[in-house]
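This is a predicted model, so every value here is computed, not measured.
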Amino acid sequence: MIRLLRNTPLPLVVSVAVALLVGWPLAELVGVAIEVIGHPGAAPGLEPIVNTAMVGFGAALLTVGLGASAALLTERARVAGRQWLRLGILLPVLIPPFVSALSWLRAYGPSGLLDDAIGLELEGLLGPLGIILVISINATPLAYLLTVAALRTRAEKDLELAARVSGASPVVAARTVTLPLLAPALLGAGALVFVVGINAFGVPAFLGTPASFDTVTTRIYQDLALSARPESFARAILLASGLVLAALMVVSAGEALLHRAGETPRRAAPSGPSPQIGRPLRLLTAFVWVAIALATIAPLIALILIALTRAPGLAPVPANWTMANFAQALDGRFLGALGRSTLLALLAATSAVFLGAMVAGLRNRFGRLAGLAALLGFAVPGSTLAVAVLLSYGSALRDTLALILIAYVAKLWAVGHRSIAGSAGNIAPELVYAARSSGASISTALRTVVFPLLRPALVGGWVLVFLFAFHELTMSSLLYGPGTDTLAVSILNLQQLGDVPVSSALAVILTVPLLIGAIPLLVIGNLPRRLMGTG
Amino acid sequence: GGGEQADDDGVLRIYTSVTQDTVDAVVAGFEEANPDAAVEVFRAPTGELSARIAAELRDGSLVADIFWLTDPLSIQQYERDGLLREWDPENIEAVPQEFRTGSFFGTRVLNMVIIADGSLMETPSDWRDLTGIEGDVAIPDPGFAGSAFAALGFFALSPDYGIDFYRDLKDNGGVQVRSPGDVVNGVAEGLYVAGVTLDRAARDAVEAGSPISLVWPASGAISLYSPIAVVDANGTETAEAFIEYVLSKEAQSAIADTGWEPIREDVDWPHTGAKLTIDWSLAFDRQDELLADYREIFEG
Amino acid sequence: MSPLLECRDVSVRYSDVVAVSGLDLNVDRGETVALLGPSGSGKSTVMYAIAGFIPVAEGHISIAGVNMSDPKRTRPPEIRPVGLVFQNYALWPHMTALENVAYPFRRAGDSGEQATRLAAELLAKVGIGGLGDRRPGELSGGQQQRVGLARALARSAEIYLFDEPTAHLDSLVRAAVEEEIRRRREELGSAAIYATHDSEEALAIADRVVILREGRPIQVGTPVDIYERPTDEWSARLTGPVSAISGRASSEGRGRVQVQVGDSSFGAESASPVSKRAVGVLIRPEWVTPGGPINGRVVGVAYRGPHTDYTIATDHGEVVARVAGSPKLAEGEQSGWTIQRGWVPPGSESE
Amino acid sequence: MSPLLECRDVSVRYSDVVAVSGLDLNVDRGETVALLGPSGSGKSTVMYAIAGFIPVAEGHISIAGVNMSDPKRTRPPEIRPVGLVFQNYALWPHMTALENVAYPFRRAGDSGEQATRLAAELLAKVGIGGLGDRRPGELSGGQQQRVGLARALARSAEIYLFDEPTAHLDSLVRAAVEEEIRRRREELGSAAIYATHDSEEALAIADRVVILREGRPIQVGTPVDIYERPTDEWSARLTGPVSAISGRASSEGRGRVQVQVGDSSFGAESASPVSKRAVGVLIRPEWVTPGGPINGRVVGVAYRGPHTDYTIATDHGEVVARVAGSPKLAEGEQSGWTIQRGWVPPGSESE
Ligand SMILES: Nc1ncnc2c1ncn2[C@@H]1O[C@H](COP(=O)(O)OP(=O)(O)OP(=O)(O)O)[C@@H](O)[C@H]1O
Ligand SMILES: Nc1ncnc2c1ncn2[C@@H]1O[C@H](COP(=O)(O)OP(=O)(O)OP(=O)(O)O)[C@@H](O)[C@H]1O
Ligand SMILES: [Mg+2]
Ligand SMILES: [Mg+2]
């Protein structure tokens, strides 16, 4: 690719974007960190750091495992109702993580729905295992989308058939051929989920506090929430810097590994056979459906029931139902905020994917560095990144949507980039050559050949960024101004000090309309099919 | 500091972490009384609000005329930094002595109370009872909310209790939950037999029919207040007028209508009892130490 | 003894496209069969069905007496004793050439070292011993094809399936590969099936040739049969240039006829007894020699290295003649020719 | 007038691999040139350099007098008047066959409707008019190749580059394609360069043939030159079977020599005057005819459709003879042969 993109302004554009979106804000943060480093009482403890690392690694491993298995299942095995299965696996992406935590707690936690019904509760839900599990379930669609995109653009079926006819069982073929070919995508997904894990706040806050399990993010929250003392602020920034550093180290180590293994683009080849072989996996499919029901649908139902119930502790039966909790969560500002959130999410998704594609296009050392820089933005906890953006752009852009957009793009650029990078590596150069010697300029070739081939990745990344942005709460609640409050902010502002039914209602409001809006789109518009290309 | 940046576009900017409907009600009343005033509210949870203020202070772009916060913790720092204007509102006398200083003034009162499972035979009647009760007792995490920290501050600094009170709670089956709301929920669902929470949250649940009872501790609820102050560098006469208005009887009634205990004793408020107060200045100074002691008990 | 491979009335479909139908094919141990057909005739599809990549819609396939495919059940590729060279190579881009070839050895249980050694030997045999460390993306088309060949040969199979295995190979390498396959056939009794559109290759290496047309086998026979006694003009053209002229045939018995064209006549073979009938006669270029009674004007000259093909317009139609050496006649020249023999395919009589 | 394409001392490298070096090549308008070389000899690399996909390391390439590539600068593919058929087709998997072919028309500014119409015409020309709606993945290998061909022809170019364009095409389609290319050459004065390892194809369609060996051009000449007067035994083998025997040559002047082997002698051409020297003589199979003074035993028989190749072990080495028709001699039989002619390549004398 790099050769094809020679003599284009791409490196310049990417450099400018890195400088503006990541460089400047982080430089401001580093400035603060340096200033406060010797401040008495600024030293954070070790325990939250260990806890955070555990959550990050655990979530990354579990999520990539779940996402990749799900992708192999829906794209490679013979399963009935493939479209619906895809939809089911994607479902959690529509649910903000803190809603997942809340709903799991309501469904499977102590005195949750299951506990009330049959006296069963999920051991360990409160604590690290539960945190990892819920983060993973929430992030599985991310890993799934990235893997599916890569399966579409990288690992073609004929390569697996070649392994089978060389004597490999389906499992061995997956291990030796399919998964290695997916390595860049899996690593990309792993990096993102690792960062999601170490950055998670809602889930550890809900599931960790009762088990006295603190992570860096909950500590940062506490430091900022309790008082405006300089040392608290300093400690928050130091902790945030620690997160960034950890993400940087882990991800660049992974990339170095991958880079040593080398890029493995497949030369353009005549299309080979692509049949679906093997027996229909009915049992496994049924099992996956049960898992989806238990992991996503049941908790959501529990949540809806809580939101409908008049007061905590009452049985969730129609006699105790009320819409008051919803009424409390909605008011006149809701619609304006909904519009702004949608606009911001659209813009953020488009810019993050656009910038991500650019970085993915630079397949050299500079591109890798830019990719890491983008990841830094994602690794900085929302509250800290918002402070950094405020320090850099606050005076110029105060109270504008642009300020929030900058923060969104700085944060979510990495999601756009990693979604695409795992797939971009395998666009055979000949396909681009062919376009150019048919008379297409670079930009035309990108538009007509490269982007369509990357469509599964581009669309997947876009959807992810859109949802992340749509659900974003921390940064917007710090950056909004008169007339620029977002949906999550406007709902959050109505919340009464952690009143459980109302916050359940809030969660339902953030989730259910998306579900209701998305499902017909997914089904009638056949979106997963289009999103992932043909087949 | 933001001193040089005093803006004079005539807009009154309020940075607040107080609940939206309360702010809305007060601002609406103020605007009605002062049709020329333009008011902009920036509301955010305490953490986000202090981060924003810190950031704006750093680059000198702080535009707030008024801080109106949930609890008296962060505002201590602003006062020490000389950010706040020292002045005496006309309504100052309406605010009890223990709920104000020279630069910030209480606007409403929050009380930490006991709640108990409604089916409990022997309900606890005072704080000490919580350490002897049979069953788990839910404690809100003082790291998460100022109100929970108030309880920690009160007990740890009080010669009658001391930090050992928490050790006793823990030994007797005390469980840490995230927020006062979670305490209400947990007790209502029968997960805990009793807990420490905010009166407002408990009252709402009881009124909606939750099977819990609210116990006003015999020795008194731990009371904290939501302070309001003028940012010295920015605040104009309008800012002072706003605070005057908040402390007025009219505004206080509006606050009471949104479910919060007014600071003025001359406004009708049925749900009250004995109050215990905290030395916020001391609690603020020893914040890290208190939290560390607490964590050692609950997380160590 | 049952044949090694038995395909009985096999049809294969790609959703709505019927790619193969009514295929009956037995292959014995040690035999080499060529599937010869034009592009799109279903050759690859037959290979995929035998390898177990696609289910059969009708009929069944057994290998060594074991039922492998029928419409209800398709046994997976890894349990079939089959080695396959893909038409598009299907090399694994993340492995080096050597690793690609070592893979089947590893799957068969060889140690890593052993597999590497054997793979290196195979690579050397196909003439790219020095390129083992390169990834497929760093090899030329023909080099990739050779890796694909070596990988197929790395599986010790009972049936080797070669899908256009020499499309990108020059004659030198081709000979080496053909030699290796012959050796296996003889040593291990493996059978080989070639899919090719190259009639010369098919005729040269196969014991039997199956001609596929639009998914149907239209002729099965030895190379000589296929070339000299094609079932119709279409098959004849597939295996090389041919001219069709019409004449009046009179039977001479035992499949021989005499064909009268204009003033002269020539002997021909016939699939069925014919008498005094107008027939279409197929004539291979090398059955026409310079000098003789049939006059014509040269209308085309194509030099083909060992020989030159002349297209001659005669009164009875155009005839192609193949003469050894470089062109000796130019376009437009008149000359005389002799037709040495001809072939009257079945059902070619007309009134 | 300058040639349409001029390659002057061109070298091309892939990081550390030198794929092509010292290539000098001029191609005139209307000319057809074949690049003939074994797998890995650099044919595709030459095509890529001409099309502008890879920079040249040394030398320069100009098209129609405009400098296109030199070590400092590589002008982009889209401004070169070049149409290319990729060896691996490089079809866009997300477009239908029709959309693939319509693409160059669109880029040249045709309306969508116009482009579709023209593309459909081209698809029909290459014999897959009915398959325009299929994606490449739903086409057979040869059908994909035809889409690739049609796509290249869809660009109205001055030079068409065909990289192994008929590897998967049967002779019937091949003829149609060759016909279309000839038409363009004549109508539009376009030049065509074929990369192929198939000597028969190269000799049949090219005006001039360039033989590549390990990236170096070792012989350039007309097809007759290349076949009958190869520069060495290696090139000779590339263009078809050949036998090398050694004899003693005596010059007869004007490039003709008489070669003595054992008791008999035969006439041959020689690249350089030789006299009374031991030389290696190259003999094409069709230069050997049955019957005659040279005796030998048949050690190999290969039926090749139009003819049969016999390998004969004589006292002076193995000689291959090509005889029209199906096999008439069996392995092991003794027979007599005549060598009609031979070729003594340059530098083949030994002491
Ligand atoms: N990307 C690459 N990196 C390194 N070496 C390469 C690369 N591509 C080709 N080569 C080498 O360059 C040489 C020439 O390759 P090229 O593809 O031009 O050969 P070719 O004549 O087209 O062969 P074929 O007939 O097999 O297609 C070969 O030895 C090949 O291994
Ligand atoms: N995936 C597919 N979907 C639909 N039709 C297909 C598919 N694959 C192949 N076909 C069609 O099936 C027929 C047989 O294809 P097959 O690949 O077996 O041909 P082939 O004889 O191997 O041709 P070639 O010599 O061109 O490789 C062709 O008409 C082709 O268009
Ligand atoms: Mg095929
Ligand atoms: Mg090539």
Side-chain angles (χ1 to χ4, degrees), chain A residues 1-8 152-154 156-158 161 262-263 265-276 423 426-459 530-535, chain D residues 44 47-48 50-55 73-96 99-109 134-145 147-148 151-152 154-157 159-161 163 167-168:
Chain A
M1 282 285 263
I2 182 65
R3 184 183 301 136
L4 299 166
L5 297 168
R6 211 172 31 189
N7 306 331
T8 65
R152 290 293 165 78
T153 45
R154 283 191 75 86
E156 280 131 21
K157 278 182 197 148
D158 52 346
L161 290 174
E263 283 257 315
R266 182 179 185 182
R267 291 278 285 271
S271 302
S274 62
Q276 216 92 41
S423 300
N426 202 44
I427 295 212
E430 283 93 341
L431 297 182
V432 184
Y433 294 160
R436 302 209 48 198
S437 72
S438 297
S441 62
I442 294 176
S443 55
T444 309
L446 285 175
R447 179 171 57 78
T448 54
V449 173
V450 178
F451 287 163
L453 287 174
L454 284 177
R455 188 174 57 181
L458 291 168
V459 175
R530 291 216 210 131
L531 185 153
M532 298 171 194
T534 50
Chain D
S44 300
M47 302 252 152
Y48 280 20
I50 296 173
F53 303 154
I54 21 182
R73 186 171 131 93
T74 307
R75 308 199 71 192
E78 64 268 27
I79 67 155
R80 303 181 182 218
V82 165
L84 170 66
V85 182
F86 288 78
Q87 186 169 8
N88 53 18
Y89 323 153
L91 301 183
W92 300 301
H94 60 294
M95 301 185 197
T96 63
E99 286 164 352
N100 264 281
V101 179
Y103 190 93
F105 290 120
R106 293 290 286 148
R107 296 288 86 74
R134 298 227 196 129
R135 296 265 169 95
E138 298 164 345
L139 295 173
S140 80
Q143 288 163 346
Q144 291 177 51
Q145 186 159 40
V147 177
R151 185 180 63 186
R155 191 165 195 209
S156 80
I159 307 177
Y160 289 98
L161 303 172
D163 198 352
H168 296 277

Salt bridge (Lys or Arg N to Asp or Glu O under 4.0 Å) against E78(D), all qualifying residues, sequence neighbours excluded | R436(A)
Using non-hydrogen atoms and a 4.5 Å limit, figure out which bit of R155(D) sits close to chain A: side chain, backbone, both or neither.
-> side chain
S437(A) and L84(D) have their tightest heavy-atom pair at OG-CB, 4.3 Å
Does any N or O in the side chain of H94(D) come within less than 3.5 Å of the main-chain N or O of T448(A), such that one atom is a donor and the other an acceptor?
-> yes
What pair of heavy atoms forms the shortest contact from Y103(D) to T444(A), and how long is it?
-> OH-O, 4.1 Å
So, for L431(A) and L91(D), which heavy atoms are closest and what is the spacing to 0.1 Å?
-> CD2-O, 3.2 Å
Residues passing the ring-ring contact (aromatic ring centres under 6.0 Å, His included) test with F105(D), sequence neighbours excluded, are none
Is the F53(D) ring parallel, tilted or perpendicular to the Y433(A) ring (thresholds 30°, 60°)?
-> parallel
Minimum heavy-atom separation for R151(D) to A434(A), with atom names?
-> NH2-CB, 3.4 Å
For the student: nearest non-hydrogen atoms of E430(A) and Y48(D), plus distance = CG-OH, 3.3 Å
